[in-house]
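Following: one structure in structure tokens, then a few remarks.
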Amino acid sequence: MDSDEENGTKLLQRYRRDRRVLLSFILSGSLIKRVVMPPGAVSLDDIDLDQVSIDYVLECAKKGGMLELSEAIRDYHDRTSFPVTSSSADEFFLVTAPECSGSPPRRAPPPILIDMPSPIMPNLSKSQSLHSTRQELSVDDIDDFTDDDNEEEVNSLRISRRTPNDATDLHLGLPSFASGITDDDLRESAFEILLACAGASGGLIVPSKEKKKDKKSKLLKKLGRSKSDHVAPPQRATGLVGLLETMRVQLEISEAMDIRTRQGLLHALDGKVGKRMDTLLVPLELLCCISRTEFADKRTYLRWLKRQLNILEEGLINHPAVGFGESGRKASESRILLRKIEESESLPPTAGELQRTECLRSLREIAIPLVERPARGDLTGEVCHWADGYHLNICLYEKLLCSVFDMLDEGKLTEEVEEILELLKSTWRVLGITETIHYTCYAWVLFRQFVVTGESEILKYAIGQLKKIPLKEQRGPQERLHLKSLRSKVESDDGFQELTFLQSLLSPIQGWADKQLGDYHLQFAEGASALQDILTVAMSARRLLVEEPDQMTQSTEKDHIESYISSSLKSEFSRIILDVESKAAGTHEHPLASLAMETQKLLRKDSSLFMPILSQWYPRATAFAASLLHKLYGNKLKPFLDGVEHLTEDVVSVFPAAESLEQYVITLVISSCGEETADAYLRGKVTLYQLETISGTLVLRWVNSQLGRILSWVERAIQQEAWNPISAQQRHGSSIVEVYRIVEETVDQFFALKVPMRSGELNSLLNGIDNAFQVYTNHVVDKLVSKEDLIPPVPILTRYKKESGIKAFVKKESVDPRLPDERRSSQINDLTTPKLCVRLNTLFYAISQLNNLEDSIQQRWTKKKPRENLNIKRSMDGKSRSFAQKDSFDGSRKDINAAIDRVSEFTGTKIVFWDLREPFINNLYRPNVSQSRLELLIDPLDLKLKPRMEAKDRNGNDQSLMVCLVPKAGNY
């Protein structure tokens, strides 16, 4: 057994030795880019490699990233303290003993919150709830309650329970600390200064070191208060003592550090009668009054020592408002003394203590005259000037202000916020804080917390603080002088840039807000509720920054709003283009038509969702957005317009969508600017697409081709016309029906063209139709012979004798040139009375339907071209042409009426002098004058007209009433 134990011990020693060698090789080699020492450690010799997780180190080596040894140590302890479990939710373990934990809770556990990504912080992790009330405790936090000896060690390896969102874009415009001061260093030093300032009021009492036994009560004290309905929060002490305890918990300071700092400050006042605690050089006094023996281990002490030395270096040497003089000799001496104090810890105890004491005395001789000089800015009286580099004081005050947030819910303010803010006023004299500086710092802290948590209530608090910051003329002369002296140099892309105090704190706020507002369509896609507040932040910051003396650009609110709108619309328009292009393969619609419709949707969304908010700072925001989108789409449309030559399907698809977008843009401009100024704004900001002009040319080409087609159909219909009635009810010819059919088809096709057009194109179509009807009318009457060919010569008026009458008649007949020849007689005989009646009915039908056609065209044109925005657009085009509603077919009407008169007269003349020649002419004055009466013609005339009259009686629609034409023969 002894040999087995001995072998096991040797193996364990060998394993530990090999492990150390491996870790030393990895950490000292090139496998790790950078090794970050834990607080208090200077080299690897200060690290216990047995407590470093080899798995964590190897993982960092694989990734080629930075190695934080504090994380490796924490990973080692986590792996050794907790059992290895699978990722299954069914497997768990208990940290505490069940028998000591009491009865189980009576209430059900809270539901799992489903977190939606914040529109302001799109990178928010799903596990980071904006409203979560859960707060996990690590093993180190639990140890902090139970083990007093290891309490400082636990805090040195602490990881904050807060898990902030990505706020890397939001950082103060202050120079970085050359000494490597961390946020934890600033937080702890800020608490030390707070204790010193509270001690000046006599409120500094050293609490008892005796620990309470009840873990539950200790845990509640650590968290501040409980959210449970069944567990009452602990009662804290009242007054300044209780408030300092609350601040300790809020700043996450251990009780051991609190007690140690209080004792050190009280010891520093020993023998200094009349000296105020807030006039002490706190880091130096603590170095002198706190020894190594007061710490649990050397590592914790070294970390504390390093922090105090770094704070002194930053406050006294790196950024002093008033230099040391003497070419920086004392500054160099002070830096050497700080290094010797740090090196003294590596010397033997006696020599190290001697060197430390001598260096502290020399450092006091250099520093005290500097920090106790008479005055600084507007701060008078006995003030400690140990940190004139104001950015260190600002960072310390920022950490103090961070204590106003609830530890259980960082998106809310703690209940003691008013008391905390009142307590922090005690630090104003030491840190050089004025009312303007306080409001500015508090606004910064609140705004950054909003970015971290996404909680809108925090943002409203930040806006309230921004509005409290006084303008330049509202500040006192001493405060203006003090703020003017607060300047710092910050490294930027263009080299070093000198910033004022307000620029350092407000420029990052404005920059972050500008970035969000520069793409508000993406950042506020879920709703515009936060846009109002972010815009208020940006405008409030601009109002303050514009007064700064080094402000390069004096931009107005109008310029900023236009910049936001322009940047965001361009980004959103680019995304729309990508979306349209990705969907183009799966649709038959032209991409430009889809882009126009999507652009109009975007404009509708903007005008209803975002523009009412933006218009509060810029009344013409809607008009500006509309004109910008009109221009952006116009840039994409122009190459298409330049290549258009014919009326194709693409043209019919793109032009209506583009015209609809342009009409909506004009409507928005009118509603935004008013009718009085809209015309001037449109002329200056909007360049119309000239779609009507381009499409007008294309439509004219189409109209001309269709008019040629109509004329060819007219010719064809006339050639096929036999002048027979269509039916017993329809007494007109079929050719006029065919002509109207082709005309109406052409009109339907014209109005089916959804491209924009002007009245000129319609007038061209109407003129062509009018010409077609005139051609048709001419064809109807061109077969009629002259009326003179029908009328016989005038007879010789003599008394009738048979021989002389025959002689005279024959003589006259042989010499009269007006008698028709055989060809003409055949032509006249073909023009029968029924066919002439059909011609006449056809002309009446043509003129009656012409009015209906004209009314229909007028109504359809009115629908196609509403009067909305018409006057403004015409005035922008400079071409005001109107459609004459009631005179479009006057030429056709005139020709048809003339043709009706001619056909009617020809028909009556033909019936009397041609069809009734035998009973009327040949028997005139036969056998004698007394017997030659008109009554003799009634029966033959009735015989000719009877079929027509019967047709009229049956149907009532025959327009050829020959009876009215017969009296014309009486003139002859």
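Values reported hereafter were calculated over all heavy atoms of this structure, with side chains retained and with hydrogens, waters and symmetry mates removed. All residue numbers in this chain count up from 1 along the given sequence.
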Pair Glu659-Gln663, side-chain hydrogen bond (donor to acceptor under 3.5 Å, both in side chains): steps then yes or no | CA-CA 6 Å; Glu659 174 72 5; Gln663 288 290 343; 3.1 Å; yes
Hey, is CD on Gln720 packed in by over 12 heavy atoms from elsewhere, all under 6.0 Å?
-> yes
Kindly say whether His732 contributes a backbone atom to a donor-acceptor pair with the side chain of Gln730 at under 3.5 angstrom?
-> no
Working to the nearest 0.5 Å, report the span between CZ of Phe889 and CG of Leu853.
-> 4.5 Å
Report the C-alpha separation of Thr693 and Arg758 in whole Å, then their side-chain angles, then the decisive distance to 0.1 Å, and conclude whether the side-chain contact (heavy atoms from CB on, under 4.5 Å) test is met.
-> CA-CA 8 Å; Thr693 302; Arg758 300 163 298 183; 3.8 Å; yes
Does Trp713 reach the side chain of Val743, with side-chain heavy atoms less than 4.5 Å apart?
-> no
Are side-chain heavy atoms of Leu765 and Ile769 found at a separation under 4.5 Å?
-> yes
Is it true that Arg893 and Glu854 have a side-chain N and a carboxylate O under 4.0 angstrom from each other?
-> yes
Interatomic spacing from CG in Asp650 to CG in Leu592 - rounded to 0.5 Å | 9.0 Å
Using modelled atom types only, decide if a donor and an acceptor are shared between the side chain of Asn704 and the backbone of Leu700 within a distance under 3.5 Å.
-> yes
CG of Leu603 to OH of Tyr633: how many Å apart, nearest 0.5 Å?
-> 13.5 Å
Could you walk me through whether Ser653 and Glu589 pass side-chain hydrogen bond (donor to acceptor under 3.5 Å, both in side chains), step by step?
-> CA-CA 7 Å; Ser653 174; Glu589 197 166 24; 4.6 Å; no
Under a 4.5 Å cut-off applied to non-hydrogen side-chain atoms, are Phe640 and His590 in contact?
-> yes
Go through the steps to decide whether Ser660 and Gln600 satisfy the test side-chain contact (heavy atoms from CB on, under 4.5 Å), and finish with yes or no.
-> CA-CA 8 Å; Ser660 176; Gln600 188 168 344; 3.2 Å; yes
Point-to-point distance, once rounded to the nearest 0.5 Å, from CD of Gln849 to CD1 of Ile736 | 9.0 Å
Between Ser705 (side chain) and Trp702 (backbone), is there a donor-acceptor pair under 3.5 Å?
-> yes
Near-ring test Tyr740/Phe773, centroid separation under 6.0 angstrom | yes
Pair His779, Glu715: side-chain N/O donor-acceptor within cut-off below 3.5 Å | yes
For side-chain contact (heavy atoms from CB on, under 4.5 Å), just list the numbers for Leu711 and Asn771, CA-CA rounded to whole Å, side-chain angles, deciding distance to a tenth of an Å, and then say yes or no.
-> CA-CA 9 Å; Leu711 289 176; Asn771 179 63; 4.0 Å; yes
So, do Lys570 and Leu632 sit near enough that their side-chain heavy atoms are less than 4.5 Å apart?
-> yes
Check: His521 and Lys605 side chains under 4.5 Å, non-hydrogen atoms = no
Looking only at heavy atoms, the pair that brings Arg620 and Cys673 closest together is NE-SG, 3.8 Å
Side-chain donor or acceptor of Ser672 paired with backbone N/O of Leu668 under 3.5 Å | no
Check Gln749 against Gln706 and note the closest heavy-atom contact, atom names and distance.
-> OE1-OE1, 3.5 Å
Salt bridge flag under 4.0 Å for residues Asp748 and Arg860 = yes
Passing candidate, side-chain contact (heavy atoms from CB on, under 4.5 Å) with Arg902, options Asn897, Val781, Leu840 = Val781
Could you walk me through whether Leu762 and Met757 pass the side-chain contact (heavy atoms from CB on, under 4.5 Å) test, one step at a time?
-> CA-CA 8 Å; Leu762 178 62; Met757 59 182 70; 6.0 Å; no
Take the angle between the ring planes of His630 and Tyr689 and call it parallel below 30°, perpendicular above 60°, tilted in between.
-> parallel
Side chain to side chain, Thr697 and Glu692, heavy atoms closer than 4.5 Å | no
Quick one: do Asp890 and Lys894 make a salt bridge, cutoff under 4.0 Å?
-> no
Are the side chain of Asp770 and the backbone N or O of Ser892 linked by a donor-acceptor pair below 3.5 Å?
-> yes
Looking only at heavy atoms, which two atoms of Ala626 and Val669 are closest? And how far apart?
-> CB-CG2, 4.4 Å
Are the side chains of Val652 and Thr648 in touch, meaning some heavy atoms are under 4.5 Å apart?
-> no
Working for salt bridge (Lys or Arg N to Asp or Glu O under 4.0 Å), residues Glu761 and Arg701 = CA-CA 10 Å; Glu761 290 76 57; Arg701 293 176 184 173; over 6 Å; no
Any Asn724 side-chain heavy atom under 4.5 Å of Val838 side chain = no
Between Arg716 and Gln719, does any side-chain donor sit less than 3.5 Å from a side-chain acceptor?
-> no
Tightest non-hydrogen contact, residues Ser608 and Pro612, listed as O-CG, 3.7 Å
In Å, rounded to the nearest 0.5 Å, how long is the span from CD1 of Ile694 to CG of Leu641?
-> 4.5 Å
Ion pair check, Glu598 and Arg575, cut-off under 4.0 Å = no
Between Gly733 and Ile726, which heavy-atom pair has the shortest distance, and what is it?
-> O-CD1, 3.6 Å
When every non-hydrogen atom of Val686 is compared with those of Ser627, the smallest separation belongs to CG2-CB, 3.8 Å
Take Ser735 and Tyr776, measure what side-chain hydrogen bond (donor to acceptor under 3.5 Å, both in side chains) needs, and give me the verdict at the end.
-> CA-CA 9 Å; Ser735 60; Tyr776 179 82; 2.5 Å; yes
Going by an N to O cut-off under 4.0 Å, is there a salt bridge joining Glu744 and Arg741?
-> no
So CD1 of Ile670 and CG of Asp679: to nearest 0.5 Å the spacing works out to 9.0 Å
